Every structure is written in C-alpha cells, then in structure tokens.
Amino acid sequence: MEITPKSLAALTGGSVDGDENAVINGFAKIEEAKTGDLSFIANPKYSHYIHTTNATAVLVGKDFETEGKVSPTLIRVDDPYATLALLLRMIEDMKPKPEGVEQPSFVSEGVELPEHVYVGAFAYIGKNVKLGKNVKIYPQVYIGDDCVIGDDSIIRAGVKIYEGCKIGSRCIIHSGAVIGADGFGFAPKDGKFEKIPQTGIVVIEDDVEIGANTTIDRATFGCTTVGSGTKLDNLIMVAHNVKIGENNVFASQTGIAGSTQIGNNNMIGGQCGFAGHIKVGNYNEIGAQSGIPNNVGDRNRLMGYPAIEARQFAKNQVYIKNLGKLYEELKNIKK
C-alpha cells in the first residue's frame, strides 16, 4: 500500500499541513513510527511526540496546536481515532477473503451454503443450521443443530456454538468463545445439588463482537440476549437469562450473574462483577474492579466495591491512605 496525505485528506474530509505528496506505506504508534508510517494523536498526553516522531504523517484534530515547526505532515480531521479506524477497515476490506468448503469438514445434509460462504477444515455444522451470505466459519468451529448465523458474520477458529443459538449479521466471534453452554443452575436436594435442565437459547443481535474465551450461557428457559452493537472483550462471563442492551462495551474479565438486565450505551471497565437479578440503566461508566450488588439508574460514574460515585471513591482512597497518620495523631492526643 502506498498513499499520500493529499489522498488521505480527500478520503477523510481533512486538510493537510506540510508535504501533501509524501509517500505513506504503513501504520505505527507515534513513539515507534519510522519514515513512511502514518500515525495519530487522539490523546493530548501524547502530543509531545509530535516533535520527536519519525512518522511521515500524523492524523491530528482540526484544532491541534504545535509549538514551532514540526517534521511530519499533519492531516487534520474531525476525529483522529475514528479516522484511523476507518482507514484500517478500508485496508482490511481490501484483503482477499476465504471462500468454499475445506476438507475434512462436516456439513449436515440439507444445510444450504449461500454465496461466498467459507467453511474451514475440521469445522462441524449441525442439522437445520441456517447460514447467511458471506459467513466465514474458520477451522475447528462447532455449530450445533438449529443454529442461525446472519449475513457477513465471522466465526473464528475453535468457537463452539451450542444448538439453537442465533447469531445476527456482521458479528465477530473470536477463538475459544463458547455460546450457549448450560447456565449454572442446580437445586439443593438431600444434601446434594441436582442439575436444572437449561432449555433456552442465546440470541446475539447484529454488529456484536465477542472476544476470545468469552462464555455466554444459554437461558434456563427463554433466551440470554446480547443487544446490537455491543462489544465484549476477552474472558468475559455472561450467565443464564442475562439481558444486555445495545451499544455497550465490556472490558476483559467482567462477570455478569444470572438474570441481570443491563441497558444501553454503558461502558464497563475490566474485572467488574454484577450480582444476579439486578437492573442497570443506560449511559453508565463503571470503573475497573467495581462490584455492582444493587440496581443502578442512568448516567452514573461508579467505582469500587460496593460501587459508589467515582469522585467519592477517589476521595475515600485519599482518606484511607492517610489513616495511619491520623491514627498516630490520635494516639498523641490521648497521651
């Protein structure tokens, strides 16, 4: 790939400060870039690298200011991070995509394979499975009976999708994820725990991305749901009968206990834990390692366990840090 800042500005609606005909042939972080690379600055704390980077061109905001002359060409855009994502998607779309059925693999009799479908080696596709156009099923994937996978979805190597589950269009499920395993349901009886059959399914709506080794359990009855546009990181646990709304982002190692409902447009940090049978509203920001034991409304910024308003949590941490000093002062006062 070779492109110029002038061409990039035309693609992205930006403007150029510097050599508009410089040659760009790669991407790199701004502190690691070399000649020929395009980089970006979206976070102000990286702004100082503009004076030391070896990048040929840098995507910056339209209001980005520099002290004195800088070496790289600046491509000014509305949102550098979103623009970088757009460019990377364009490059990814240009790469050749696999098609056809590799052998050995198993496709049950009667399953239709629409145009541009790919089935990798050692994949298994069960009875009555319905696949959309351009679905990519990589090697060693298991798709159980009666599953549905929508158009343009990508199922990466080693994913397991249990029977009856439904995956929407343009979803990406990464390696090692398990969709539709039994929920953790056991009834105590005579000093033992008897298994409660999990008869429901999992429904993943459109444009969802599910990270590697994430697990989403099937419902006891009904369905466990992940709403459209939601993104789940690696190593996340979603228990049975959970309802997750649209356009949420969950960082790694978060756990959501059974029957909890989470609304739309929430941002959840890593290692958060949600108790079961609670409701979380919309547009919340929950800091890493927070514990959510009770219902949460809308537009909160929470942190800690049990989670409290983030600014109060920060103040509390200062108080805790000073407890030793306060204790010594109290001892002196008593004396």
Side-chain angles (χ1 to χ4, degrees), residues 1-94 170 207 209 228-231 233 245-252 263-270 281-288 290 298-303 309-315:
M1 179 204 81
E2 285 194 357
I3 196 168
T4 65
K6 180 179 180 179
S7 299
L8 284 177
L11 280 172
T12 59
S15 60
V16 178
D17 286 355
D19 183 1
E20 62 180 19
N21 295 312
V23 176
I24 298 167
N25 51 32
F27 295 86
K29 295 165 61 176
I30 192 159
E31 64 269 35
E32 300 174 356
K34 58 186 183 300
T35 302
D37 286 336
L38 172 69
S39 192
F40 74 104
I41 296 176
N43 190 325
K45 73 178 185 179
Y46 291 96
S47 297
H48 65 280
Y49 282 113
I50 199 67
H51 297 287
T52 58
T53 184
N54 292 317
T56 291
V58 180
L59 292 166
V60 297
K62 289 188 173 178
D63 57 353
F64 183 79
E65 296 183 359
T66 64
E67 295 181 4
K69 189 176 180 181
V70 296
S71 175
T73 296
L74 303 183
I75 304 173
R76 297 185 179 275
V77 294
D78 290 326
D79 186 334
Y81 197 51
T83 300
L84 179 70
L86 171 66
L87 295 173
L88 291 173
R89 282 198 303 271
M90 291 171 62
I91 291 171
E92 193 68 20
D93 289 343
M94 291 164 54
R170 299 174 303 280
D207 300 299
E209 185 158 351
S228 62
T230 286
K231 316 299 182 186
D233 198 357
E246 300 178 356
N247 299 314
N248 298 284
V249 287
F250 290 79
S252 179
N264 306 320
N265 300 100
N266 295 288
M267 300 177 67
I268 314 299
N282 310 304
Y283 294 98
N284 293 292
E285 298 178 22
I286 300 177
S290 294
D298 296 337
R299 299 183 184 278
N300 297 285
R301 298 187 71 214
L302 304 177
M303 186 173 285
E309 199 274 328
R311 292 180 68 182
Q312 185 59 53
F313 176 81
K315 289 180 181 179

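Everything quoted here is computed from the prediction, not taken from an experiment.
Atom CG of N265 and atom CZ of R299 lie 8.5 Å apart (nearest 0.5 Å). Interatomic distance, OG1 of T53 versus CD1 of I41, reported as 8.0 Å (0.5 Å rounding). The structure places CG of L59 at 6.0 Å from OG1 of T83, a figure rounded to the nearest 0.5 Å.
E209 is linked by a side-chain hydrogen bond (donor to acceptor under 3.5 Å, both in side chains) to H174, counting only residues two or more places apart in sequence or in another chain. Residues that satisfy the side chain to side chain contact (heavy atoms under 4.5 Å, CB included) test with R311, not counting sequence neighbours, are E309. Residues satisfying the side chain to side chain contact (heavy atoms under 4.5 Å, CB included) criterion with N282, sequence neighbours excluded, are N264, D298. Applying the salt bridge (charged side-chain N to carboxylate O under 4.0 Å, His left out) criterion to D233, with sequence neighbours excluded, gives no partner residue. In this structure E285 satisfies the salt bridge (charged side-chain N to carboxylate O under 4.0 Å, His left out) test together with R301, sequence neighbours excluded. Not counting sequence neighbours, A288 has no partner by the side chain to side chain contact (heavy atoms under 4.5 Å, CB included) test. With sequence neighbours left out, the salt bridge (charged side-chain N to carboxylate O under 4.0 Å, His left out) criterion links E92 to K95.
Considering every non-hydrogen atom in both G36 and T56, the closest pair reads N-OG1, 2.6 Å. Residue S290 comes nearest to I286 through the heavy atom pair CB-CG2, 3.6 Å, listed as atom of the first residue, atom of the second, then distance. Across all non-hydrogen atoms, the minimal contact from A55 to S39 is CB-CB, 4.3 Å.
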Which donor-acceptor pairs under 3.5 Å do side chains of residues 1-15 form with protein atoms, sequence neighbours excluded?
from : atom 1 : to : atom 2 : distance (Å)
T4   : OG1    : S7 : N      : 3.2
T4   : OG1    : S7 : OG     : 3.1
T12  : OG1    : L8 : O      : 2.8

Give the table of side-chain donor-acceptor pairs shorter than 3.5 Å for residues 69-78, with sequence neighbours excluded, one pair per line with atom names and distance.
from : atom 1 : to  : atom 2 : distance (Å)
T73  : OG1    : D19 : N      : 3.1
T73  : OG1    : D19 : O      : 3.2
R76  : NE     : D17 : OD2    : 2.7
R76  : NH1    : G61 : O      : 3.4
R76  : NH1    : F64 : O      : 2.7
R76  : NH2    : D17 : OD2    : 3.3
R76  : NH2    : F64 : O      : 3.1
D78  : OD1    : K62 : NZ     : 3.3

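Within the structure, salt bridge (charged side-chain N to carboxylate O under 4.0 Å, His left out) pairs that include any residue of residues 26-42 comprise K29-E31, K29-E32, K34-D37 (at least two apart or interchain). Applying the ring pair (Phe, Tyr, Trp, His ring centres under 6.0 Å) test to pairs two or more places apart or on separate chains, those with a residue in residues 17-49 are F40-Y81.
Checking side-chain atoms of N247 against main-chain N and O of T230 turns up no donor-acceptor pair under 3.5 Å. D207 places no side-chain N or O within donor-acceptor distance of the main-chain N or O of S228, the cut-off being under 3.5 Å. Formation of a donor-acceptor pair under 3.5 Å by the N266 side chain with backbone atoms of N248 is not found in this model.
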